[in-house]
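A short write-up of the structure that comes next.
Residue numbers start at 1 and run along the sequence shown. Note: hydrogens, waters and symmetry copies are ignored here, and every other heavy atom, side chains too, is used.
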Amino acid sequence: MSKSSNTTKYRLAESMKQCMETTSVDDITIRQIVENCGLTRQTFYRNFRDKYDLVNWYFDILLLKSFEHMGNGRTIYDGLKKKFEFIRDEQIFFAAAFRSTDRNSLKEHDFELIFQFYTNLIRKKTGKIPDEEILFLLEMYCHSSIYMTVKWVLCGMKCSPGQLALHLVQSMPSKLEQLFTELKILA
């Protein structure tokens with residue numbers, strides 16, 4: 001990706017964030033986004049399919065930082081804590097994004113990313129694809145984690161990122177906990 005393309009994407013993301021301060025994601029228009037940052041609709045569509053693609057791209061940038069954290073010998077707790085710190089630092093953005101119910105919503109995107117991340121992490125550490133039972137538990141855990149993350153954001157972030165990360169690690173199904181402990185990536 002070229003530096004100018006990245007600069008354009010960040011300009012559009014900043015514009016989207018500004019729009020999200022007063023308008024729900026579902027009600028923001030592409031016109032508002034591009035007019036706010038002085039770009040054209042054509043430029044927007046060269047970079048993103050729709051506004052949800054823009055929201056998901058920006059989330060990816062933040063989430064990849066926390067995933068890199070886990071991939072570099074850090075634990076799941078460390079990665080979750082870092083993710084929640086990013087979310088806390090961008091509270092207005094995430095509160096607006098998590099309220100969206102569109103099929104391309106951030107909630108769905110977050111699920112796909114973390115489920116794939118954990119699946120790939122297990123495959124990398126064990127050398128094999130997780131079995132059906134582990135995949136089921138992982139899917140359930142990822143959905144529950146996202147639900148609790150959204151609740152945390154929308155209800156005012158009453159606990160710290162570290163406390164939320166600890167709660168999610170402690171609520172992991174026992175077979176997942178056992179696997180992640182054996183892989184030395186849990187806490």
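Between the NZ atom of K184 and the CG atom of L186 there is a distance of 12.0 Å, given to the nearest 0.5 Å. Rounding to the nearest 0.5 Å places OG1 of T40 at 11.5 Å from CD of E35. Rounding to the nearest 0.5 Å gives a distance of 12.0 Å between CZ of F84 and CD of Q163. Between R41 atom CZ and I33 atom CD1 the span is 9.5 Å, to the nearest 0.5 Å.
Using a 4.5 Å heavy-atom threshold, the side chains of F94 and L106 count as touching. In this structure, the side chains of T75 and I185 stay at 4.5 Å or more apart for every pair of heavy atoms. When side chains are defined from C-beta on, F48 counts as touching K9, because their heavy atoms get closer than 4.5 Å. Looking at heavy atoms from C-beta onward, K124 lies out of side-chain contact with N120 at the 4.5 angstrom threshold. In this structure, Y118 and L176 have side chains that are not in contact, with every pair of non-hydrogen atoms separated by 4.5 Å or more. Put simply, the side chain of I76 reaches to within 4.5 Å of the side chain of F180, judged on heavy atoms. Side-chain contact check for K128 versus I122: every heavy-atom pair is 4.5 Å or farther apart. Counting only heavy atoms from C-beta outward, the side chains of K81 and Y77 approach each other to under 4.5 Å.
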Practice item. Could you walk me through whether F59 and F93 pass the ring pair (Phe, Tyr, Trp, His ring centres under 6.0 Å) test, one step at a time? Key: CA-CA 9 Å; F59 178 70; F93 171 83; 8.0 Å; no
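Although no hydrogens or angles enter the test, the distance criterion places no donor-acceptor pair under 3.5 Å between the side chain of R88 and the main chain of M157. Between the side chain of K158 and the backbone N or O of C155 there is at least one donor-acceptor pair closer than 3.5 Å. No side-chain donor-acceptor contact under 3.5 Å links W152 to the backbone of L164.
Nearest approach of I28 to K51, heavy atoms of both residues: O-NZ, 2.7 Å. M20 and V25 get closest at one heavy-atom pair: CE-CG2, 3.4 Å. Nearest heavy-atom pair across C37 and L12 is SG-CD2, 3.8 Å. Annotation for A13 and W57: closest pair CB-CZ3, 4.1 Å, computed over non-hydrogen atoms.
I92 and L54 are assigned to two separate hydrophobic clusters, defined by single-linkage of ILVMFWY side chains at heavy-atom distances under 4.5 Å.
The neighbour count for L183 CG, taken as heavy atoms of other residues, nucleotides or ligands under 6.0 Å away, is above 12. Heavy atoms of other residues, nucleotides or ligands lying less than 6.0 angstrom from CD1 of I129 number 12 at most. Dense packing is recorded around CZ of R123, with more than 12 heavy atoms of other residues, nucleotides or ligands lying under 6.0 Å away.
A salt bridge is absent between K83 and D78: the closest approach of a Lys/Arg side-chain nitrogen to an acidic carboxylate oxygen does not fall below 4.0 angstrom. Of the charged side-chain nitrogens involved, at least one lies within less than 4.0 Å of a carboxylate oxygen, so that E14 and K17 count as a salt-bridged pair.
In this structure, K107 fails the cation-pi test against F98, since its NZ or CZ atom is not both closer than 6.0 Å to the six-membered ring centre and inside 45 degrees of the ring normal.
For the residue pair S15 / Q18, no side-chain donor-acceptor distance below 3.5 Å is found, with atom types taken as modelled. Under the 3.5 Å distance criterion, with hydrogens and angles disregarded, no donor-acceptor pair is assigned to the side chains of Q32 and N36. Donor-acceptor pairing under 3.5 Å is recorded for the side chains of D26 and S100. Using a 3.5 Å distance cut-off with no hydrogens or angles, the side chains of R46 and T43 do pair a donor with an acceptor. In this structure, a donor-acceptor pair under 3.5 Å is absent between the side chains of D53 and Y45.
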Can you give each donor-acceptor pair under 3.5 Å made by side-chain atoms of residues 133-150, sequence neighbours left out, with the distance rounded to 0.1 Å?
{"from": "E133", "atom 1": "OE1", "to": "K175", "atom 2": "NZ", "distance (Å)": "3.3"}
{"from": "E133", "atom 1": "OE2", "to": "K175", "atom 2": "NZ", "distance (Å)": "3.1"}
{"from": "Y141", "atom 1": "OH", "to": "L168", "atom 2": "O", "distance (Å)": "2.8"}
{"from": "S144", "atom 1": "OG", "to": "M140", "atom 2": "O", "distance (Å)": "3.0"}
{"from": "S145", "atom 1": "OG", "to": "Y141", "atom 2": "O", "distance (Å)": "2.9"}
{"from": "T149", "atom 1": "OG1", "to": "S145", "atom 2": "O", "distance (Å)": "2.7"}

